[in-house]
Structure formats: structure tokens, C-alpha cells
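Chain naming here is simple, since letters A, B, ... match the order of the sequence lines and numbering starts at 1 in each.
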Amino acid sequence: MGKYYVTTPIYYPSDKLHVGHAYTTTAADALARFHKLLGDEVYFLTGSDEHGQKIQRIAASKGIQPKEYVDRIVATFQDLWRRLDIQYDDFIRTTEPRHQRAVQAIFKRLLDQGDIYKSKYEGWYCEPCEAFWLERQLEDGKCPDCHRPVQWVEEESYFLRLSAYQDRLLQHIQAHPEFIQPESRRNEMIRFIEAGLNDLSVSRTTFDWGIPVPGDEKHVVYVWIDALSNYITALGYASADDHLYRKFWPADLHLVGKEIVRFHTIIWPIILMALGLPLPKQVFGHGWLLFDAEKMSKSRGNVVDPVALIEEFGPDPLRYFLLREVVFGQDGNFSREALIHRTNADLANDLGNLLYRSASMLERYRDGRVPAPGPASARDRELMGLVGEVKRETIACMERLEPHNALASIWRLIGRANKYIDEEAPWALQRQGQQERLDTVLYNLVEVLRNVAILVWPFIPRTGQAIWQRLGLPGEILQQGLAAVKWGLYPPGGAVTRGEPLFPRIEEKENQEKGEPYVTMDQAVFEKPAAAAGTAPGATATVPVAGAAPEGAAAPSPSAEPAPDGAPLPQITIDEFARLDLRLATIEEAEAIPKADKLLRLQVRMGPERRQIVAGIARHYRPEELVGRQIVVVANLKPARLRGVESQGMLLAASTPDGEQLAILGPDKPLPAGCKVK
RNA sequence: GGCGGCGUAGCUCAGUUGGUCAGAGCAUGCGGUUCAUACCCGCAGUGUCGUUGGUUCGAAUCCAACCGCCGCUACCA
């Protein structure tokens, strides 16, 4: 019996939440509830990360204040959690004064002690290449890539000294194998750190929807310190009342999606080390839910709305599916068919029907009154023993963060009880007048169900409580605790009511669709970190920790680091623009390049000339759909070899900062290939 | 390209340190039962354990190569 502090990421209110968010939060809720049953003092935190340029932009586009916008969206978050029966202890919003004050205190302290320093994001910048270079990397003072002139760029930013803590962090990770889980994520992080950490830009001047940097209000605190620190600011760290902090920190578990493991196992621990605070005991990166693209979306908005699912199926079928179907830590598939199948097979047939048939016999044979049991047979004792065994297994599984296995174990007991009915055949006992044996069997069934109700409650609380009430038991399961999972506690004489089936069977569709390509849902947290991680450009000899600005407002580290998409560039003259030879071209052939997941080889016609161009658009276009299209090509770009394939020019395309969406540019009506673009 | 991992019944996957390890669930087929939501219970499978070579008395389990897939990273004109 101890304390248990579990957190989810704080979600970004740029849009409604999808099933992926519900997955994380449901798992955290199940863990929190389970530890409550264990008798731990539990604190379960979730919340919202509400600052950043993206929010500012969305609000502006709607003509409202950012705060007004996030208030609206966050209300939908909280509504979803209510519908899912998420029992959190606190919901932290980064726009709350309690959080802002604490973040400023944290920032100031790190600044005062030198872990944060003000510097410039500066370097030699090659516009065409959108790349930063170190002095020594330049060739003849020019871009080593394209040999064009570079320019000196600088912008002010605050930096956190990740580099200073790299060794300590590595030692901690190596000394605590449980710190990062699953194992594969841990290994990835170790390798990442070993490659070397760059100091991290932790402020922005390019937008102002954020917490001002104390003493330098041109800057706002960027997402890293703003969002990650919620795990302690919510507990009152650095405030007048920090009793929760003292009681619950360090966290027992930060539950996160695998795409943000890096931020939670590198940046966050280093912030804590710099503050002299203990590190969380464990960061667990669970897998993603993959969606059937075809079923779920017509175009790209493949969002599965959890509210709609809950309205259709109820919270418990969704919770059960999420926790049972997917191996925690690995990716899993979500589909409507699978959800329906799980609900029918496990919930309706096995569990729901067990209650229904048991209650039915009690009503029929004993007027709904639970009789006192007679002497136990060998089979009875086996059933009793299984309760204890399943209880032990369930506890062990939950300690290992394997809710899917915990549920599988509980269902062993349910299955055994169904079989027990068959073996004992109460209807035969009734016919034969074996009343004492019938009493015993009926009592045993009730007793299994009572134990199951408790065991199942952390996962599907509404169902657990419903069974409890059907069995005529008073009070709340929460008050029972796992101590009540023990044979023989049902008081004979109780009144059981059959009622309606717990889970009506859902019509399964005849036409089962084959496995269409699945699309990964981005479990956006902290301003789309998944995309950030994927696109973080590393300078030649450096490895940025999280250099990419998820929302396109990056201030990279002081050394060489390419500019991310969306960063404002210095002005140029019309003459400089005129140096670009942009041409219209017609795609005549297109094919994938082997072993290059993003590259396509295009043969394009530009007037009399035909060229080969390599383009990084394979994730967005199929070769066959490109043939015949007209595109814009930078015709005077120095040729380069990509994956050994020569590219004689560059195709123009627009893409979102996260790289998830990309569109090729072309003329809005056909023109002869080779036309000049200006 | 670098690093890491994975490829086991139709599907999803278990298989510690090599010797009942060839398994579970789902799906399928057959049988039973009637308390029950066409439910529940029983039985039956099928598998060259990715491929090819090694080590060994013996390998799904160790080694090598190859094929395919995935993750991180890089690249992404």
C-alpha cells in the first residue's frame, strides 16, 4: 500500500480528440482504478497543452481570442472523459495561472543557475538549400551543397543545456532498466543520446500566445518547458501549497504514445535534473492504433470520433476493446468490425450471458434468493482456487503494464464458470431434486460473478458496478478493494435480479472487408511531436534533440541546423528571385525508386528537353497517378544524386509543417511544357 | 545507408538458459446441452516454426548468408 501517481500527456486543443487519445487515457484510467483497488493512494492527472502558434492561428482564423477558442475545445475534452468514465483527480490547463506562475519560476531558476542561457540561433544560411552550415563546413565561403553564397542569420533564443546532462542521463537510463519501457524504445533512446545531444531552444519570439519569459517579455516559453512541466505544476510545485507535490512526486508512470517517448525520456528528465528533482520512475510508450483508411475516411481526415463510438456502443465496449485487443506497447488495429466482434464474443456471450443465465436460474429455481452453499465438491474447490489464481495473475499483469493479459486472465475465470454450469447442469439437479447441490452450484456462480465484478471494474467500471447491483450487493466496488476478491464473501439470502442482458449482441455485418491499407493516426500531443520527430532535420554532424519546430516556428540550436518549414526567411530582391529558372513540365513517366521509401523517379518533358527528376513524394502520390500531370520544376538547380539516381531539377510542392499532407503545384489549365514560370 | 528488431496454424500471437515446444485465442468443421443474448460446453484439425547452409547426439530455440517486413536515424531535388 503506497502512492501511485500516473499521468497522461496533456493534449493539444487544435482539434477534437480521436480514439488514439482515448486509448492513452483509458489505459491510464484503468491503471489508476486498479491501484485504487490495491489500496494505493492514487493521483491521476491529465490536461491540455494550450499555447503555441498553431492555436493562435486557428483562433485568429475564427476571429476569436485564443483563450476563447481553447476553452471551447477543452470543454469537449472534458466531455469525452466524462462519457468514458475517466476518473481523473486533476485536469491541468497550461493557461491556468497556477501553471503559468510555476513555469515562470522554473524558467527563471534554470536561467539564474545557467542551465538556460540566452543566445542566438545563428549561422551561415543557404536559402536555396534551407540549410544552416558551420563556418568550417563552408567551401570557399559558399554552401557546400550548392556552392551558392550563404548569408549570416541570427535570431535571439533561450537554450537549455541538454548537452551538460547527457552523460548523467545516460547513466540513469542504464542503471534503471524500468525507466523507459518497452525495451525497444529504451534502446532507441540510448542510441539517440549516445549520438550526442544539442542544446535545445526553449523560447520563441515569433508568436506570443504563451507564457512570457520572466524579465524578457519578447520571448514566450516554448512547448518543452511549458507542457512537460505540467506533471509537477499540477501538484503545486513552486507554489505556496506544494503538499501534493511532496506526497506524489516522483510520478510512478508517465503514460505516453511512442512518438513522444523521446521528449519524456530526454528533455523532461534533464529539466528535472537541472532543477535537482527526482526523475519519474517510468515512462511507458504505448503503440498506436491503426485505422482502416478506407472505412474511416474519404480523404485524409481519418479520424475515428470516440464520442460517436461511445454513443453507439457505450463506454465499456470501447474501453474493453482498447484494453483487450491491443498488446500494450505494440501497434494494433482498430476497426468497427473488430470492436463489434470483441463486444459480442467477450462481453455479450461470455460475461453478459454468464450473468444472465445464472440470474435466470436463480430466479427460476430460488425466487431470486441466493441460497447458502452446502459442502464443496472437488470441482467447487477448483473453481474457488481459480479465483485466487486469476487474482494473482491479474495483479502481476497490471504491474507489468499488460492490461490485455490481465483481461485474458480474468476471462479464464469467466470461461471456467460457463463450463461449470455445463458440468453441473443445474436444470438436471432441479429435476432430480438435489436441492442442496443446486444451492451450492447457484451460490458458487454468484460468488464467481461477485469476484469478477471487482476484477473487471478497473477496465469496465460501469459493467462491474452493474453486476454488483444485479447481485443485490450494496455500495460501490471502489470501496471494496482487491481484498474483497476472495472466495465466500457473498452473504446468502441476497436478492439477485436478472434484468436485461448487459450487452445486447450487435449485428455483425456480412460483408467483411479485406485488409485495406491502414493509416497511422498521429496521437498529437505537444504540438504534433510525432511529425516533429519525423522531420527533425539534423545538420551534418549534429543530432538535434527536438530541433524541428512542430508548428513551424523553430529557432534551432546555435550551431548548424537547417531551418524548418515555415520559418520566416529574410527578404530577397527581384533580381535574386530572377535567378530561379522555373519551368512548366509534363510528367511522362513515374516510378518508385527501390529501397527509397519516399522517392519517386520522374521523367518530365520541358519543351524539347526531357529530364529525370527525383522527388520525395512517394508517400503522397502513386506513380501512375502522376503521369500526364503538369508540374513546376526548378530547372537551373544543380543536379544531384539521390540514392544513386540523378535528379536534374526539383519539383515544387506545398506541404504542411508536419509533412503529413503534400500537394504538387501545377498550372490551373494546361500549357505547353517548358513555359517559364515567374 | 547506419543501428535495432521481427518473420511460428486462415487471422492475432505465446513459446525462459537448445532435448514432450510444435502451442493459445479467434475463425472453420463435427458433436453435445437447454439455464442462457443463434448462447454455452466438448472434439478435430491443418503448420517444411521466412529461405539456405552450419554448430550439436539433438534447434523454432545458437551461428552465417540471403529474402521479406517494422522501428529509430539519415536522406527526402
Side-chain angles (χ1 to χ4, degrees), chain A residues 128-129 145-146 182-192 194-195 258-259 261-262 285 287 324-327 330-333 338 341-342 344-365 404-405 408 411-412 414-430 438 441-442 445 498 500-506 512 515 533-538 540 543 593 595-600 602 611-619 633-635 637-653 655 659 662:
Chain A
C129 299
D145 249 16
C146 67
E183 197 69 18
S184 56
R185 301 291 150 205
R186 175 171 183 265
N187 293 335
E188 286 172 6
M189 291 308 110
I190 290 174
R191 269 178 262 125
F192 188 87
E194 284 172 345
K258 65 182 184 180
E259 75 284 355
V261 167
R262 197 159 97 196
R324 171 68 242 254
E325 182 81 1
V326 181
V327 176
Q330 294 177 217
D331 291 352
N333 287 328
H341 187 257
R342 272 292 175 197
N344 281 343
D346 295 2
L347 296 178
N349 295 350
D350 292 348
L351 176 57
N353 192 44
L354 175 63
L355 173 67
Y356 194 74
R357 67 197 297 209
S358 302
S360 188
M361 287 186 280
L362 268 154
E363 289 195 345
R364 181 185 296 208
Y365 304 140
H404 57 289
N405 283 334
W411 253 253
R412 276 179 58 210
I414 293 168
R416 188 66 190 82
N418 272 321
K419 183 173 175 176
Y420 179 80
I421 294 177
D422 255 54
E423 290 167 340
E424 296 295 338
W427 49 93
L429 297 175
Q430 168 73 4
L438 181 57
V441 169
L442 293 176
L445 288 172
R498 184 176 72 172
E500 290 303 305
L502 241 35
F503 302 94
R505 283 181 60 83
I506 304 161
Q512 269 210 349
T535 56
T540 313
V543 180
I593 293 176
K595 299 203 172 186
D597 50 358
K598 297 178 188 168
L599 301 184
L600 292 182
L602 308 175
R611 288 197 190 190
Q612 171 169 294
I613 285 178
V614 177
I617 55 173
R619 291 224 172 130
V633 168
V634 183
L637 194 58
K638 183 188 172 196
R641 295 190 78 81
L642 287 164
R643 285 295 167 96
V645 180
E646 174 151 22
S647 182
Q648 303 156 322
M650 165 178 159
L651 156 165
L652 297 189
S655 61
L662 180 145

Checklist line | Separation of the P atoms in rC13(B) and rU37(B), to the nearest angstrom | finding: 35 Å

Notebook entry, point to check: Which base, if any, makes a Watson-Crick or G-U wobble pair with rG25(B), both distances under 3.5 Å?
Noted result: rC11(B)

Margin query: Using whole Å, what does the distance between atom P of nucleotide rU73(B) and atom CG of N187(A) come to?
Written below: 14 Å

Notebook entry, point to check: Atom CZ of F503(A) and atom CD of E500(A): how far apart are they, to the nearest 0.5 Å?
Noted result: 14.0 Å

Check: When you compare rC62(B) with rC49(B), how far apart are their C1' atoms, in angstrom units rounded to a whole number?
Finding: 16 Å

Check: Given the P atoms of rG42(B) and rG47(B), what is the spacing between them in whole Å?
Finding: 24 Å

Check: Between rC75(B) atom P and M650(A) atom CE, what is the distance in whole Å?
Finding: 15 Å

Item checked: Value in whole Å for how far the C1' atom of rA24(B) lies from CH2 of W411(A) -> 18 Å

Next item on the list: Please confirm whether the backbone N or O of A338(A) pairs with a side-chain atom of E325(A), one donor and one acceptor, at under 3.5 Å?
Entry: no

Note to self: Would you compute the distance between atom CG of L442(A) and atom CZ of R364(A) and round it to the nearest 0.5 angstrom?
What the structure shows: 12.0 Å

Note to self: Please give the distance between the C1' atoms of rA27(B) and rG68(B) as a whole number of Å.
What the structure shows: 26 Å

Report all interatomic pairs (protein N or O, nucleotide N or O of nucleotides 42-45 of chain B) with separations under 3.5 Å.
from    : atom 1 : to      : atom 2 : distance (Å)
rG42(B) : OP1    : K419(A) : NZ     : 3.0

Note to self: For a 4.5 angstrom cut-off between non-hydrogen side-chain atoms, does M189(A) reach R262(A)?
What the structure shows: yes

Checklist line | Identity of whatever pairs with rA77(B) - Watson-Crick or G-U, under 3.5 angstrom | finding: none

Note to self: Taking the C1' atom in each of rA9(B) and rG4(B), what is the distance between them to the nearest angstrom?
What the structure shows: 29 Å

Note to self: If I take atom CD1 from residue I190(A) and atom CZ from residue R185(A), how far apart are they, to the nearest 0.5 angstrom?
What the structure shows: 13.5 Å

Quick one: side chains of residues 345-355 of chain A, donor-acceptor pairs under 3.5 Å with protein atoms, not counting sequence neighbours, listed by atom name and distance.
from    : atom 1 : to      : atom 2 : distance (Å)
D346(A) : OD2    : Y320(A) : OH     : 2.7
D346(A) : OD2    : R342(A) : NH1    : 2.8
N349(A) : OD1    : R505(A) : NH1    : 2.7
N349(A) : ND2    : N344(A) : O      : 3.4

Notebook entry, point to check: For every nucleotide of nucleotides 6-12 of chain B, 5' to 3': is a protein heavy atom under 4.0 Å from its base (B), only from its sugar-phosphate (S), or from neither (-)?
Noted result: -------

Check: What residues, two or more places apart in sequence or in another chain, satisfy side-chain hydrogen bond (donor to acceptor under 3.5 Å, both in side chains) together with R412(A)?
Finding: E389(A), E393(A)

Margin query: Need to verify one output field. Residue with the more 5' nearest nucleotide on RNA chain B, N418(A) or K258(A)?
Written below: N418(A)

Next item on the list: Using atom CE of M189(A) as one end and atom P of rG71(B) as the other, report the distance to the nearest whole Å.
Entry: 14 Å

Checklist line | Distance, nearest 0.5 Å, that separates CE of M361(A) from CG of L445(A) | finding: 6.0 Å

Item checked: E188(A) CD - rA74(B) P separation (whole Å) -> 12 Å

Check: In whole Å, what separates the P atom of rG1(B) from that of rC75(B)?
Finding: 16 Å

Next item on the list: For rU28(B) and rU20(B), measure between their C1' atoms and round to the nearest Å.
Entry: 28 Å

Check: How many angstroms lie between CD in E183(A) and CZ in R186(A), if you round to the nearest 0.5 Å?
Finding: 5.5 Å

Note to self: Roughly how many Å apart are rC67(B) and rU12(B), using the P atom of each and rounding to a whole number?
What the structure shows: 24 Å

Next item on the list: List the protein contact pattern of nucleotides 25-38 of chain B with one symbol per nucleotide (5' to 3'): B for base contact, S for sugar-phosphate-only contact, - for none; contact means a heavy-atom distance under 4.0 Å.
Entry: -SS----BSSBBB-

Notebook entry, point to check: What is the distance, rounded to the nearest whole Å, between atom CD1 of I506(A) and atom P of rC39(B)?
Noted result: 13 Å

Check: Would a 4.5 Å heavy-atom cut-off, applied to side chains only, mark E188(A) and V261(A) as touching?
Finding: no

Margin query: In whole Å, I'd like the distance from the CD atom of E183(A) to the P atom of rG4(B).
Written below: 14 Å

Margin query: If the cut-off is 4.0 Å, is R262(A) near the phosphate of rU73(B), judged by side-chain N/O to OP1 or OP2?
Written below: yes

Note to self: Applying a 4.0 Å non-hydrogen cut-off, can you work out what G415(A) is touching in the nucleic acid: base, sugar-phosphate, or nothing?
What the structure shows: sugar-phosphate

Next item on the list: Sequence neighbours left out, what passes side-chain hydrogen bond (donor to acceptor under 3.5 Å, both in side chains) with N418(A)? Give chain and number order.
Entry: R357(A)

